[in-house]
Q: 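Quick one: structure below, then a few questions.
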Amino acid sequence: MSVIYLLISISIIVAIVFLTAFIKAVRSGQYDDDYTPSVRMLFDDELKITEKPKPKEEEKQI
Amino acid sequence: MGNKCFHCGLDIIPCDEIFFDNRSFCCKGCKTVYDIFSSNGLSSYYDLEKSPGATPLMENGKYDFLDNEKIAATLLDFSEGDTQIISLHIPHIHCSSCIWILENLRRIKPEILSSQVTFHEKKVRITFNSSEISLKEVVLLLCSIGYEPYISLEDYGNTAAKTDRSLTYKLGVAFFCFGNIMLLSFPEYFEHKEFWLDQYRGFFRWLIFALALPSFFYSANGYYIAAISSIRAGRLNIEIPIALGIVVMFIRSTADLLMDHGPGFFDSMTGLIFFMLLGKMFQMKTYRFLNFERDFKSYFPIAVTRIIANGAEENVPVYEIAKGDRLLIRNFEIIPADGILISNSATIDYSFVTGEAVPVSKLSGDKVFAGGRQIGGAIEMETIQTVSQSYLTQLWSNEIFQKENMQRYRNITDTMSRYFTPVLLLIAFAGFGWWIFKDTDIAFNVFTAVLIVACPCALALTAPFTLGNVIRLMGKSKYYLKNTQVIEQMAKVDTIVFDKTGTITTGSKSAITYDGQVITTQQRVWIKNVLRTSNHPLSRMLYDYFPENDKVTVTDFLETPGKGIAGVVSGHQIQIGSEAFTGQNGSSNILKTMVYVTIDDVRLGRFIFHNEYRPGLSGLFTSLQKKYTVKVLSGDNEGERAYLEKLLPGIELIFNKKPEEKLEFIKKLQQQGHNVMMVGDGLNDAGALAQSNVGIAVSENINVFSPACDAIVDAAELNRLDRFMVLSKKAMGTIYMSFGLSLLYNIIGLSFAVTGNLLPIMAAVIMPLSTITIISFVTVVSNFYARMLNVTHVREKSDGRHILSKQANLILTPKTTI
């Protein structure tokens with residue numbers, strides 16, 4: 001039954017890991033802007049810096 | 001696509017329509033932006049959102065001050081070597097297209113290394129290579145694509161304030177402790193006499209104790225500090241019983257643990273700390289795109305053009321202006337300091353500063369006051385005061401602006417706790433006194449149990465959750481409150497004072513009526529064409545008033561500043577202007593703004609300019625009048641009195657009030673024992689807004705500027721003010737009801753406590769039960785009231801944003817396009 005000491009200790013350690021992860025995330029400013037990243041991730045990466053598609057070709061869909 | 005502009009979505013005036021690349025545009029500016037985007041492969045801009053753009057507005061020389069390194073340095077966030085970083089506030093940011101285009105700036109100009117948008121704050125942070133592109137060029141690029149940044153004196157030397165995240169940390173720690181303790185306490189809630197439990201009891205209990213420490217010492221420390229400071233100040237607020245409850249709980253539980261009496265109340269204690277911090281968090285609804293603390297600084301420019309001895313121009317920071325400097329004020333720039341006009345004439349719009357609806361004409365030698373906006377060509381002036389000593393800025397030296405963040409009012413929870421705390425202590429000591437003669441052990445138990453169970457957790461949660469919910473409901477209908485205290489203050493208001501110009505009138509439009517002979521279609525064409533040449537604000541308004549018609553050539557056009565305009569069309573002499581200018585005389589009412597018209601020296605008639613009042617105004621006033629004393633306080637002249645009396649019967653109207661007089665007026669009402677709400681919009685109301693119990697700023701474009709206030713309301717929603725007022729009262733009613741509910745729980749808990757029967761499990765049940773019922777009760781009830789009053793119903797506005805921003809642009813920025 002003494003395995004309970006081990007299991008509880010592990011569970012507490014896991015919880016502490018999550019707490020530190022949370023504090024780190026807050027400190028890094030991840031929660032300061034909760035909207036822009038959600039929009040940003042939906043943008044296509046289709047535009048490469050070097051690429052300059054001709055304007056008239058890709059506008060037809062509107 | 002109909003006849004809407006492909007770029008900005010505004011209606012296209014048929015004769016101005018521009019076809020380009022199979023799309024139609026309303027003006028050259030919009031077309032140019034489209035051209036920039038499409039030639040850089042950025043036309044996805046139009047795929048993400050329909051017609052997301054704004055017409056680019058450009059005034060030569062407006063951003064020349066950015067070449068001044070000293071000014072640029074104060075604006076930059078970071079500058080080292082060739083890399084510079086700047087954060088700019090861009091009011092137009094409103095959709096995903098905006099984010100996309102601003103984050104792809106480097107595609108238009110590769111010298112820009114990266115850019116990142118913070119949507120809620122409407123800010124973009126741009127990193128650029130300063131050896132290849134200057135700050136001014138970056139700003140001009142933004143202007144050219146319709147994203148003009150708003151740079152004001154407020155940004156001068158302003159370092160970004162560090163955000164305080166300690167509440168989030170505390171909440172995280174509290175939740176960690178609470179969750180783990182709950183889990184570890186579970187065995188104790190069940191069987192008591194079991195071998196398995198007895199064997200590990202010590203381990204579990206000491207682990208719980210260890211986990212309770214961070215919650216007790218770190219998460220809850222705000223309550224101890226607040227309690228101590230309120231004891232020092234001699235006030236009984238809610239923090240005292242809370243802190244007392246927590247400390248007693250901790251001590252009693254530790255004692256229980258040491259003497260092996262029982263598991264203690266660590267579970268309840270950490271739960272209570274967690275829920276109360278959650279309430280605090282919920283109450284703090286902040287609108288990051290709004291600023292409730294603005295003063296004249298965010299309205300004033302950061303730099304002006306000074307003319308030095310040899311006629312050369314230089315840009316200087318506004319604070320460096322000295323008496324006697326000659327300044328150059330361009331079209332739509334703000335006069336930063338009081339001075340004397342040197343140029344022949346100027347037309348200055350004081351509507352924001354004094355409340356006068358119509359721009360004032362000034363001639364050489366006249367005094368011009370800080371805060372006015374020059375309309376028309378560039379003017380020269382000589383300052384006679386420094387910025388801080390000017391007429392308008394003096395208002396901010398009033399003591400009302402010095403009391404920063406001082407809690408002026410006692411909130412509802414504190415009022416309740418004034419009665420609650422003494423009663424609680426009385427019961428605790430009475431219980432202790434009763435038992436002390438029978439059993440000392442039980443006496444101490446009872447004493448601590450009373451303080452634990454009566455810890456006003458539910459009481460303390462009631463107000464944050466109700467008000468936090470109501471503040472969100474109001475925010476949905478574009479009524480933004482600074483904090484939850486404003487709701488309490490709103491419920492107490494008995495007098496409402498409205499400003500006139502810009503508050504109950506619309507800022508951009510003016511209603512025009514005509515009085516005189518019938519104008520033929522032919523004559524209308526002539527008049528409109530003469531008007532077209534003039535840039536005077538009244539001419540522009542009158543021009544817009546006439547329907548579209550043919551363009552004919554005007555010859556011999558002459559504009560006499562301050563008087564009127566004249567021109568010859570198809571051989572007919574047209575004169576438009578003041579009474580004297582057009583050679584007319586008759587019964588004149590100088591208070592009204594009128595423009596006279598003569599054709600070939602024959603008097604035709606006159607146009608009378610009225611303020612245009614916001615729709616739904618009489619309905620709002622009638623409904624408010626039933627419960628409140630309503631007054632209108634204006635800085636304008638009495639020209640509108642007769643009309644207003646008809647529109648708003650029975651409302652007291654006060655005219656010709658200067659900014660300080662408005663402040664005094666509110667103060668006087670307060671001295672008579674009234675709780676005053678001030679509804680205003682401009683800088684001239686700033687004093688009155690600060691002095692009043694609740695100051696509400698009305699804004700047509702909430703992103704641009706509003707003076708310091710307690711709440712900001714979107715101008716389109718002003719006519720629903722009465723509903724917000726009712727909702728605030730209902731919210732207070734909800735709080736009282738749930739106070740009753742939480743007291744009920746306290747009484748049940750106390751009945752266990754005074755009889756000495758409080759088991760940890762009882763406390764562990766009552767505490768979350770009361771918390772959850774209170775939270776759900778207040779949320780359900782306040783949502784119900786909001787629905788009943790139809791507050792959260794968001795009105796459909798077809799292209800409302802565009803109309804709104806276009807209007808704002810018309811007032812704030814010149815009409816010239818690139």
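Labels below follow one simple rule: chain letters A, B, ... track the order of the sequence lines, proteins then strands, and each chain is numbered from 1. Reckoned from all heavy atoms, side chains included, excluding hydrogens, waters and symmetry mates.
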Q: Over all heavy atoms of both residues, which pair between B:His94 and B:Lys122 is shortest? Give the atoms and the distance, please.
A: CA-NZ, 4.3 Å
Q: Given the rule in the side-chain contact (heavy atoms from CB on, under 4.5 Å) test, do B:Ile133 and B:Lys109 qualify, once you have shown the distances and angles that lead to the verdict?
A: CA-CA 9 Å; B:Ile133 189 167; B:Lys109 280 238 194 297; 3.6 Å; yes
Q: Before you tell me yes or no, could you show the steps for B:Leu102 and B:Leu142 under side-chain contact (heavy atoms from CB on, under 4.5 Å), namely the whole-Å CA-CA distance, both residues' side-chain angles and the distance that decides it to 0.1 Å?
A: CA-CA 9 Å; B:Leu102 290 172; B:Leu142 289 169; 3.6 Å; yes
Q: Sort A:Val39 into side chain, backbone, both or neither according to what part of it lies under 4.5 angstrom from a heavy atom of chain B.
A: side chain
Q: Hey, can you tell me if B:His7 and B:Tyr46 have their rings parallel, tilted or perpendicular (30° and 60° cut-offs)?
A: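 Aromatic pair B:His7/B:Tyr46 classed perpendicular.
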Q: Quickly, which of B:Ile36, B:Ile18, B:Asp21 forms a side-chain contact (heavy atoms from CB on, under 4.5 Å) with B:Lys31? Name it, please.
A: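 It is B:Ile18, the one option of B:Ile36, B:Ile18, B:Asp21 that forms the side-chain contact (heavy atoms from CB on, under 4.5 Å) with B:Lys31.
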Q: What parts of residues 167-175 of chain B touch chain A if we use heavy atoms and a cut-off under 4.5 Å?
A: B:Thr168, B:Tyr169, B:Gly172, B:Val173
Q: Nearest heavy-atom pair of B:Tyr45 and B:Cys98: which atoms, and what distance?
A: CE1-N, 4.3 Å
Q: Using a 4.5 Å heavy-atom cutoff, which residues in residues 211-222 of chain B come close to chain A?
A: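 B:Leu211, listed by number.
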Q: Report, by ascending residue number, the residues of residues 9-17 of chain A in heavy-atom contact with chain B at a distance under 4.5 Å; give 'none' if the set is empty.
A: A:Ile12, A:Ala15, A:Ile16
Q: Restricting to non-hydrogen atoms, name the atom on B:Thr270 and the atom on B:Asp267 that form the minimum distance, rounded to 0.1 Å.
A: OG1-O, 3.1 Å
Q: Would you please test B:Trp100 and B:Leu42 for side-chain contact (heavy atoms from CB on, under 4.5 Å) and show each step?
A: CA-CA 9 Å; B:Trp100 186 79; B:Leu42 292 171; 3.7 Å; yes
Q: So, for B:Lys123 and B:His89, which heavy atoms are closest and what is the spacing to 0.1 Å?
A: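 Looking at all heavy atoms of both residues, the shortest contact is CG-CA, 4.2 Å.
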Q: Quick one: what part of A:Ile23 sits under 4.5 Å from any heavy atom of chain B, side chain, backbone, both or neither?
A: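 Contact with chain B is through both the backbone and side chain of A:Ile23.
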Q: For residues 177-185 of chain B, which side-chain N or O atoms pair as donor and acceptor with protein atoms under 3.5 Å away, sequence neighbours left out?
A:
from, atom 1, to, atom 2, distance (Å)
B:Asn180, ND2, B:Phe176, O, 2.9
B:Ser185, OG, B:Ile181, O, 2.6

Q: Mind telling me whether A:Tyr31 and A:Phe22 have parallel, tilted or perpendicular rings, with 30° and 60° as the class edges?
A: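 It falls in the tilted class, 30° to 60°.
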Q: Closest approach of B:Asn104 and B:Ser115, non-hydrogen atoms and distance?
A: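 That closest heavy-atom pairing would be N-OG, 4.4 Å.
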Q: When you look at B:Glu111 and B:Phe128, which way does the side-chain contact (heavy atoms from CB on, under 4.5 Å) test go after all the steps?
A: CA-CA 6 Å; B:Glu111 297 87 351; B:Phe128 58 96; 5.9 Å; no
Q: For B:Arg472 and B:Phe282, which heavy atoms make the closest approach, and how far apart are they?
A: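 Nearest heavy atoms, B:Arg472 then B:Phe282: NH1-O, 2.9 Å.
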